[in-house]
Amino acid sequence: MILEYCGVDYEDKRYQMFGDPPNVDTSQWFDVKFKLGLEFPNLPYLIDGDIKMTQQWAIMKYLARKFGKLLLKSEEETRRCDMAQEAERDLWIAIVRMLFSPDIVEAKKNFLEETVPKQLDAFEKFLSDKDWMAGATLTYVDFEICERLDVLTEMKSDCLDKYPNVKKYKERFFALDKIAAYRSSERFKEYPIYAQVAKWGYKKEN
């Protein structure tokens with residue numbers, strides 16, 4: 001989404017997995033994983049001329065610096081976004097634990113009823129009267145957090161209803177002209193959110 005927001009042409013390289021768990025063929029990625037010249041081979045990766053990078057947050061920061069957009073402008077903005085980034089990481093870890101739980105039905109229920117409200121309550125207070133995580137400035141941090149919020153609403157469509165600041169924040173982000181245009185284009189893939197090795201997010205549920 002950062003590349004779309006910055007108006008950059010790019011190739012969205014995706015690797016397919018074949019088959020159903022536990023017999024999933026991941027060879028399309030692992031056949032090339034250690035042959036791309038990546039210092040920390042992983043997905044996602046970015047190749048920009050001679051620059052080769054992995055690690056999602058590192059890539060996002062690099063793109064913000066490269067295009068001179070979405071940057072933090074002060075120590076206060078940096079302080080706020082450093083905390084928000086770590087809070088998002090806590091949420092992501094909780095999502096991963098749920099995705100690979102032996103009992104996905106119970107794990108998803110507990111995640112939505114126990115973990116998510118605590119996280120959203122904190123973000124609700126943190127945003128308060130702010131438009132973005134940094135305050136008045138849209139930054140690369142908002143892109144990751146809003147993507148994560150989008151996953152939550154895909155799991156449970158009304159999960160933000162009790163958190164008006166968070167809900168308006170997410171709506172504000174996805175209403176940005178270039179983001180809205182991307183999500184209505186053929187380039188945007190709603191699914192899969194996660195690969196089929198996860199127990200949720202590979203196909204849209206009815």
Side-chain angles (χ1 to χ4, degrees), residues 1-2 12-30 32-34 36 38-46 53-63 81-124 126 133 139-160 162-163 166-167 169-170 173-174 183 188-205:
M1 287 193 293
I2 289 179
D12 184 9
K13 178 67 175 176
R14 301 188 180 216
Y15 296 89
Q16 299 296 315
M17 294 183 180
F18 302 97
D20 297 315
N23 302 310
V24 176
D25 179 2
T26 59
S27 60
Q28 191 176 97
W29 162 238
F30 282 97
V32 300
K33 179 177 180 178
F34 299 101
L36 297 171
L38 303 171
E39 293 166 301
F40 297 96
N42 205 349
L43 293 171
Y45 64 73
L46 172 75
M53 295 185 66
T54 55
Q55 306 304 328
Q56 185 162 312
W57 282 108
I59 290 171
M60 294 169 76
K61 292 175 184 178
Y62 168 80
L63 293 173
C81 284
D82 282 350
M83 290 193 296
Q85 179 179 334
E86 293 297 329
E88 185 279 331
R89 182 176 180 273
D90 290 341
L91 180 59
W92 167 235
I93 290 171
I95 290 174
V96 171
R97 287 174 179 163
M98 178 206 68
L99 291 174
F100 293 95
S101 172
D103 185 348
I104 184 61
V105 174
E106 184 66 18
K108 185 179 175 184
K109 178 177 180 293
N110 290 339
F111 173 73
L112 290 171
E113 293 181 358
E114 298 178 15
T115 303
V116 170
K118 294 176 184 177
Q119 295 281 348
L120 292 181
D121 185 61
F123 277 119
E124 178 73 8
F126 187 72
M133 287 295 156
T139 72
Y140 62 88
V141 175
D142 297 300
F143 283 69
E144 178 65 14
I145 291 177
C146 285
E147 182 176 341
R148 201 69 68 212
L149 293 175
D150 200 38
V151 171
L152 295 184
T153 54
E154 193 65 25
M155 287 184 191
K156 190 173 186 291
S157 60
D158 64 351
C159 74
L160 301 185
K162 295 181 180 179
Y163 309 94
V166 178
K167 186 173 183 178
Y169 165 72
K170 176 179 176 286
F173 177 83
F174 286 111
R183 285 169 65 90
F188 175 68
K189 305 293 189 293
E190 185 179 12
Y191 278 82
I193 299 172
Y194 303 113
Q196 63 263 49
V197 291
K199 295 182 180 178
W200 178 89
Y202 183 61
K203 295 180 180 179
K204 191 174 184 66
E205 297 178 349

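Any value given below was found using the heavy atoms of this structure, including those in side chains, with hydrogens, waters and symmetry copies removed.
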Q) Hey, are the side chains of V116 and L152 touching, using non-hydrogen atoms and a 4.5 Å cut-off? A) yes
(Q) Using 0.5 Å steps for rounding, measure from the CE atom of M155 to the CD1 atom of I95. (A) 5.0 Å
(Q) If I take atom CZ from residue F123 and atom CG from residue D121, how far apart are they, to the nearest 0.5 angstrom? (A) 11.5 Å
**Q.** Side chain to side chain, N42 and Q55, heavy atoms closer than 4.5 Å
**A.** yes
Q: Using a cut-off of 6.0 Å, state whether more than 12 heavy atoms not belonging to D12 lie near its atom CG.
A: yes
Q | Atom of M98, atom of I104 and distance for their closest heavy-atom approach | A | O-CD1, 3.1 Å
Q. What's the spacing between F18 CZ and Q28 CD if we round to 0.5 Å?
A. 4.5 Å
Q) Counting distance only, does the side-chain N/O of N110 pair as donor-acceptor with the main-chain N or O of A107 below 3.5 Å? A) no
Q) Is NZ or CZ of K13 both nearer than 6.0 Å to the six-membered ring centre of Y15 and within 45° of the ring axis? A) yes
Q. Which atom pair, heavy atoms only, marks the closest approach of W200 to L99?
A. O-CD2, 3.5 Å
Q: Nearest 0.5 Å please: distance from the CZ atom of F174 over to the OH atom of Y169.
A: 9.0 Å
**Q.** For T54 against A58, the heavy-atom pair lying closest together
**A.** O-CB, 3.9 Å
Q: Check whether any side-chain heavy atom of D20 sits under 4.5 Å from a side-chain heavy atom of Q196, and report yes or no.
A: no
Q) Do Y194 and V151 come close enough that some side-chain heavy atom pair is under 4.5 Å? A) yes
(Q) Q119: which residues meet the side-chain hydrogen bond (donor to acceptor under 3.5 Å, both in side chains) condition with it, sequence neighbours left out? (A) none
Q.
Determine whether Y191 and E154 satisfy the following criterion, side chain to side chain donor-acceptor pair (under 3.5 Å), listing intermediate values before the conclusion.
A. CA-CA 11 Å; Y191 278 82; E154 193 65 25; 2.8 Å; yes
(Q) Quick check: do K199 and K108 have side-chain heavy atoms less than 4.5 Å from each other? (A) no
Q | Which atom of W57 lies closest to which atom of V141, heavy atoms considered | A | CZ3-CA, 3.9 Å
Q) For Y202 and A195, which heavy atoms make the closest approach, and how far apart are they? A) CD1-C, 3.9 Å
Q: Measure the spacing between NZ of K61 and CD of Q85 and express it to the nearest 0.5 Å.
A: 5.0 Å
Q) Do F143 and F173 have ring centroids that are under 6.0 Å from one another? A) yes
Q) Does atom CD of E190 have more than 12 heavy-atom neighbours from other groups under 6.0 Å away? A) yes
Q. Which residue pairs pass the salt bridge (Lys or Arg N to Asp or Glu O under 4.0 Å) test with at least one member in residues 82-107, sequence neighbours excluded?
A. E88-R148
Q | Pairwise side-chain contact, L120 with L149, heavy-atom cut-off 4.5 Å (strictly under) | A | yes
Q | Within-4.5 Å side-chain heavy-atom neighbours: I2 and M60 | A | yes
Q. What distance do C81 atom SG and Y140 atom OH have between them, rounded to the nearest 0.5 Å?
A. 6.5 Å
Q: Flag the pair P44 / Q56 as yes when at least one side-chain heavy-atom distance between them is below 4.5 Å, and no otherwise.
A: yes
**Q.** K156: partners by side chain to side chain contact (heavy atoms under 4.5 Å, CB included), with sequence neighbours left out
**A.** L112, D158, C159
Q: Could you pull out the closest heavy-atom pair between D150 and R183, with the gap in Å?
A: OD2-NH1, 3.2 Å
